[in-house]
Amino acid sequence: MGLAVIGHPIGHSLSPEMHNAALAELARTDPRFAGWRYHAFDIEPDRLPAALDLMRDHGFRGVNLTVPHKVLAVSLVSLLDPGALEAGAVNTLLLEGPGWRGFNTDGYGVAAGILEELGISLQGTPVVILGAGGAARGVAVECLRAGCAGLWVQNRTRTNLDSLLAHLAPLARGIAVRGIEAGRPPEGLPAGAVVINATSAGLRPADPAPADLTAFGRVAGVYDTIYNPPQTRLLAQARQLGIPCANGLGMLVHQGAKALEIWTGVPAPRTAPVMRAAAAKALGY
Ligand code: NDP
């Protein structure tokens with residue numbers, strides 16, 4: 001049975017290592033999974049529709065989508081899961097009959113990562129999100145779905161922040177969603193928030209921190225969606241201030257385990273540990 005991740009570029013993806021490790025583990029006790037393999041394909045955006053048709057014709061059961069395909073794929077599926085509809089992005093496809101059904105497991109991934117590593121449930125927790133790009137949108141939608149106690153969003157570029165706030169407004173379900181004005185304290189932010197970095201500031205060693213954590217008062221936890229490098233300036237400041245913190249490896253692992261659950265029916269918590277070990281090994285953690 002064929003599974004794959006599609007991206008452009010794709011060389012950096014850890015998904016083949018994670019999924020093939022999990023499939024090999026499953027095959028040890030269940031012969032149904034003996035022939036399952038997970039591949040990686042570098043596909044440019046204008047070739048995505050043809051690539052998905054080809055994979056359907058070759059009997060692929062599932063596909064993960066990464067940069068730059070997640071939004072484009074929304075228009076290519078025959079059925080869209082409610083979570084993917086709200087996020088406006090798809091990262092997992094399941095072949096159902098003649099077409100693909102689209103899901104988004106990134107939100108599950110970040111919620112599971114924060115719960116596992118910081119012991120914080122998004123439900124009832126005030127959340128500060130740094131960033132307003134694709135990852136921030138997925139995280140924000142999940143926070144609202146989970147019933148967070150208010151959402152504060154900060155971003156470098158005001159127009160991108162305003163676009164995200166406009167996307168979130170109809171999804172807020174009565175939860176207060178506020179933009180943070182540059183250089184001003186976050187209006188109404190209570191103590192005990194979790195701060196989630198969903199910017200790309202920190203991917204390179206010379207990057208500045210996306211925020212100064214002391215601006216957010218007493219913070220309960222800091223989660224950086226970046227996992228490579230394993231420590232960013234933001235996480236270094238959190239450690240210095242004694243705030244519980246974690247990088248984004250758990251998010252990566254749990255979104256992958258949830259995708260595998262969609263394709264195999266095997267509960268995500270069962271395959272997450274072997275996926276984490278494979279990803280950590282590939283990263284040299
Ligand atoms: P986008 O390009 O869509 O968005 C980038 C965001 O980062 C924007 O909000 C941008 O602000 C902000 N930004 C970039 N540089 C800086 C800087 N120097 N200072 C402050 N803000 C900055 O990227 P994605 O949303 O797709 O990805 C964002 C991050 O999420 C990446 O680091 C990626 O590694 C991580 N991620 C992790 C995953 C995981 O599984 N752990 C999954 C997906 C993503 P502006 O609007 O001003 O340009």
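Each ligand, and each atom within it, is numbered from 1 in the order the structure gives. Model, not experiment: these values are computed from the prediction. Keep in mind that the numbers below use all heavy atoms, side chains included, and drop hydrogens, waters and symmetry copies.
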Do me a favour and list the nearest non-hydrogen protein atom to [atom] with residue, atom name and distance?
{"atom": "atom 28 (C) of ligand 1", "result": "A198 O, 3.4 Å"}
{"atom": "atom 23 (O) of ligand 1", "result": "G134 N, 4.6 Å"}
{"atom": "atom 26 (O) of ligand 1", "result": "A135 N, 4.0 Å"}

Closer than 4.0 Å: a protein non-hydrogen atom to atom 35 (C) of ligand 1: yes
- request: Would you confirm whether any non-hydrogen atom of the protein falls under 4.0 Å from atom 48 (O) of ligand 1?
  value: yes
- request: Consider ligand 1: state whether an atom of it lies below 4.0 angstrom from any non-hydrogen atom of I226.
  value: yes
D207 near ligand 1 by a heavy-atom separation under 4.0 Å: no
Shortest heavy-atom approach to [atom] - which of [options]:
{"atom": "atom 42 (C) of ligand 1", "options": "R137, R156, M251", "value": "M251"}
{"atom": "atom 11 (O) of ligand 1", "options": "I129, V110, N155", "value": "N155"}
{"atom": "atom 32 (O) of ligand 1", "options": "T199, L130, T225", "value": "T199"}

Donor-acceptor pairs are to be reported for all side-chain atoms of residues 148-156 against protein atoms at under 3.5 Å, with residues two or more places apart or in another chain.
unit_1 : atom_1 : unit_2 : atom_2 : d
W152   : NE1    : E187   : O      : 2.6
N155   : OD1    : A132   : N      : 3.2
N155   : ND2    : T157   : O      : 3.1

All N/O donor-acceptor pairs, side-chain side in residues 66-73, below 3.5 Å, sequence neighbours left out:
unit_1 : atom_1 : unit_2 : atom_2 : d
H69    : NE2    : I43    : O      : 2.8
K70    : NZ     : D106   : OD2    : 2.8

